[in-house]
Amino acid sequence: MSSPAQLLAQPLAESLVQSVDWLAIAPPTLAAVVALVVLVADLFLPDARKPLLGWLSVAGLAASTAFLLPLRDGDRSTFCLTGDPSACSYTADRFTLVIQFLVLGGALLAALLSVTVLKDARGRLPEGEFWFLLLSSAAGAALLPASRDLATLVVALEVASLPAFALVGIRHGDSRSAEAALKFFLSSVTATAVSLMGISFLYATTGTLYLTQIADRIQHVDGQLHTLAQTGVVLTLVGFAFKTAAVPFHFWVPDTYIGAPLPIAAYLSVVGKAVGFSGLILVTVVGLPSYADVWGPALAALAALTMTVGNVGALRQQATRAYSAVRLLAWSSVGQAGYLLVPIAAAAYTDDAEHAIGSTVAYALMYAAVNLGAFAVAALVGRTSPQNRLTDYRGLHARHPLSALLLAFFLLCLAGLPPGVIGLFAKVTVFSAAVDAGLGWLAVVMAVNVVIALYYYLRWTALLFRAPEGDSEGEPVKHRVPAPLTAAITLTAALGIVLSGAPQLILRFTDTGLF
C-alpha cells in the first residue's frame, strides 16, 4: 500500500520537465561553453598570447550563429511539462531564431570591434575577463527570446545584464567608467526588482509561470484578484521599460555609452535593446493578450514620449563637446527605441498582432545592422581622436574616403533617406502598423520625430564632406585600418547595401511564428 508521501509525490512527478532537445538549445549553450573555456584558458596563457582569447571568442560566436541554420525548418520545444506538452520553458520558433540571429550576430560584430580596442589598450583592459563577460552576456541574451516561462525569462535577462555591468566599468581607475557602470547597475537592479514584484503578482493570480498557461488562466481570474492582476501587468511593464531605455527610464543611457568601451556601447545599443524588446513582446503579446487594454495605451504613450525625448536630446548635442558623437548615437538609440515600441503598442489594437510584431522585428534588424556600422566607423575615428567629438568627423572624406561614404550611408539609413532604402522601408513598415491599428495620432507623432531626426543625421553627414578646418583638401591620407575593424565595417555595410537593394527581404521576418 502506498504511503501518503508517495501519493503526494506522484502528481508532482508528472509535472516535472522531461525531454532536452540539445540542438534547440545549442546556440546559447555553445556561447556559454566557450565563455568557460576562455575563462580557464586565461589562467594558463602568457600575456603575449592573450589575443588568442579574442579570436577564440569570435569563433565561438560565429559557431553559435551557425547553429541557427539547422533550426530554421521548424519549431522545436524542450524542457516541457509531461502533463502539458504545450507548456515549455524553451521554444525555438521563428521569432526565437530571428532574435537569436540578431543577438549573436550583434555580439559577433561587437567582438570584432573589441579585438582592435583591446589591442590598442595595450594591456590596460583585462582580456580574459572581458571576453568571458561578453560571451556570458551574449549567452543570456540568446536564451531570452526562447524563454516561455517567467522564471527562465528573468534568469536570462539577468544573465544578459549582470556581465554587461562589469563590461561597462571594466576600465580600472577610470572614474567616468565607474560612474557609468554604477548608473547602469542601479537602474537595472531597480528594473529587476519591479519586474519580480509584478511577476509575483501574476503568479499569485494564475498559479503558473508558463506564458501560455498565464494567457489562458488570467482571463478567468477571480474578481477579488482582478486588481492584483492589473497591478502585476503594470509593474512587469515598468520593469521592461527600464531594459528598453524607454522614457522616463532612459537616464542611464548617455553616460553609460560614454563611460563604456566603444564596442560595449555598440553591444548595448543593439543586443541590449533586442533583449528588452523581445522580453516585452513575450510578456505582453504571448502572456497577457487579454490585458491589451492595459498595456496597449501604456506602450503607445511610452513610444510617443521615448521617440520625442530621444530625438530632441540628440538634436541638442554640441559638436565641440567631448564624446558628442557617442552622445548623439546614445540619444538616437533612445529615439529609435520609441519607433520599436510603436508596433508592439499597435498589437493591442489589431486582430493581426503577428504582423505588428513582425514590423518591430524587421525594424530591429535594420537598426542593428546600420547602428553597428555607425559605431564601427566611430571606433575607427576614435583611434586617432579619443574625444570622439562631432567636429572630429569634419573632412573625414579626406582621411578615409570609403569610411566617410559608409558612415554617410549608415546615417541616411537611420534617417530613412535614399540611398538608405532599408531605413525608409523599415520606417514605413512601422508607420503602417500604427495606421492599420487605428493609432493615427501615434503615426503623426512618429512623422514629426522623423523630421526632427533628419536634421541631426544630415548635419553629421554634411560634416563628413566639409573641408577640414585650417587645411585644404588634398590627396586622401593613407591609414592602415586593422583587419577586425575592417571586417566589422564591411559586414555591416554589405548587409545594409543588400537590404537597401532588395528591401523585400525584410518581409520574410514579418511572420514571427509566435501564434
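Put simply, the side chain of Ser137 gets close to the backbone of Ala160: a donor and an acceptor are under 3.5 Å apart. Within the 3.5 Å criterion, the main-chain N or O of Asp21 finds a donor-acceptor partner in the side chain of Thr78. Between the side chain of Ser147 and the backbone N or O of Ser89, no donor-acceptor pair lies under 3.5 Å. Remark: the backbone N or O of Phe185 is not paired with any side-chain donor or acceptor of Ser188 at under 3.5 angstrom. At least one donor-acceptor pair under 3.5 Å links the side chain of Trp295 to the backbone N or O of Leu288. Side-chain N or O atoms of Ser333 include one that pairs as donor or acceptor with a backbone N or O of Ala330 at under 3.5 Å. A donor-acceptor pair is defined here as one N or O able to donate and one able to accept, closer than 3.5 Å; no such pair exists between the side chain of Asp93 and the backbone of Asp75. A distance-only check finds no donor-acceptor pair linking the side chain of Asn371 to the backbone of Tyr367 [under 3.5 Å]. Of the possible donor and acceptor atoms, one in the side chain of Thr231 sits under 3.5 Å from a partner among the backbone N and O of Thr227. Judged purely by atom type and a 3.5 angstrom limit, Ser161 has no side-chain atom pairing as donor or acceptor with the backbone of Glu158.
Between the side chains of Thr91 and Ser77, at least one donor-acceptor pair of N or O atoms lies under 3.5 Å. Checked by atom type, the side-chain pair Thr212/Arg217 shows no donor-acceptor distance below 3.5 Å. Between the side chains of Thr206 and Gln213, no donor N or O sits under 3.5 Å from an acceptor N or O.
Residue Ala348 comes nearest to Gly296 through the heavy atom pair CB-CA, 3.5 Å, listed as atom of the first residue, atom of the second, then distance. Taking both residues in full, the closest heavy atoms of Tyr267 and Ala141 are given as OH-CB, 4.4 Å, listed atom of the first, atom of the second, then distance. The minimum heavy-atom distance between Phe410 and Ala374, with the atom names listed, is CD1-N, 3.6 Å. Heavy atoms only, all atoms of each residue included: Ala111 and Trp131 are closest at O-CH2, 3.4 Å. Considering every non-hydrogen atom in both Asn449 and Val445, the closest pair reads ND2-O, 2.8 Å. When every heavy atom of Pro27 is checked against every heavy atom of Leu104, the shortest pair comes out as CB-CD1, 4.0 Å.
Within the model, atoms CG of Asp149 and OH of Tyr210 stand 5.5 Å from one another, a figure rounded to the nearest 0.5 Å. Atom CD1 in Ile497 sits 12.5 Å away from atom CD1 in Ile422 (nearest 0.5 Å). The NZ atom of Lys243 lies 7.0 Å from the OG atom of Ser195; values are rounded to the nearest 0.5 Å. Residue Thr205 holds its OG1 atom at 6.5 Å from CG of Leu225, rounded to the nearest 0.5 Å. Within the model, atoms CD of Glu127 and CD1 of Ile170 stand 10.0 Å from one another, a figure rounded to the nearest 0.5 Å. From Leu495, atom CG reaches atom CG of Leu365 across 8.5 Å, with rounding to the nearest 0.5 Å.
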Original post:
What do the steps show when you test Leu36 against Val40 for side-chain contact (heavy atoms from CB on, under 4.5 Å), and what is the final call?
Top reply: CA-CA 6 Å; Leu36 294 175; Val40 174; 5.5 Å; no

**OP:** Kindly determine whether Leu262 and Leu113 satisfy side-chain contact (heavy atoms from CB on, under 4.5 Å), including the steps that lead there.
**Re:** CA-CA 8 Å; Leu262 200 58; Leu113 295 179; over 6 Å; no

**OP:** List the steps, then state whether side-chain contact (heavy atoms from CB on, under 4.5 Å) holds for Leu237 with Leu280.
**Re:** CA-CA 7 Å; Leu237 288 180; Leu280 189 63; 3.7 Å; yes

Original post:
Stepwise, does the side-chain contact (heavy atoms from CB on, under 4.5 Å) test hold for Val238 with Phe249?
Top reply: CA-CA 9 Å; Val238 169; Phe249 314 111; 4.0 Å; yes

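Counting heavy atoms from C-beta on, the side chains of Ile25 and Trp22 come closer than 4.5 Å. Taking 4.5 Å as the limit, some side-chain heavy atom of Phe184 sits within range of a side-chain heavy atom of Leu268. When side chains are defined from C-beta on, Leu329 does not count as touching Tyr257, because their heavy atoms never get closer than 4.5 Å. At a threshold of 4.5 Å between non-hydrogen side-chain atoms, the residues Val38 and Val34 count as touching. Taking 4.5 Å as the limit, some side-chain heavy atom of Leu153 sits within range of a side-chain heavy atom of Leu150. In this structure, the side chains of Phe101 and Pro145 stay at 4.5 Å or more apart for every pair of heavy atoms. Counting heavy atoms from C-beta on, the side chains of Arg148 and Leu282 come closer than 4.5 Å. The closest side-chain heavy-atom distance from Ile281 to Val286 is not below 4.5 Å.
The aromatic rings of Tyr291 and His226 sit tilted relative to each other, their planes meeting at an angle between 30° and 60°. In this structure, Tyr339 and Tyr363 have perpendicular ring planes: the angle between them is above 60°, well past the 30° mark.
Checked against the 6.0 Å centroid threshold, Phe79 and Tyr90 do not count as a close aromatic pair.
No more than 12 heavy-atom neighbours from other residues, nucleotides or ligands sit within 6.0 angstrom of CZ on Phe67.
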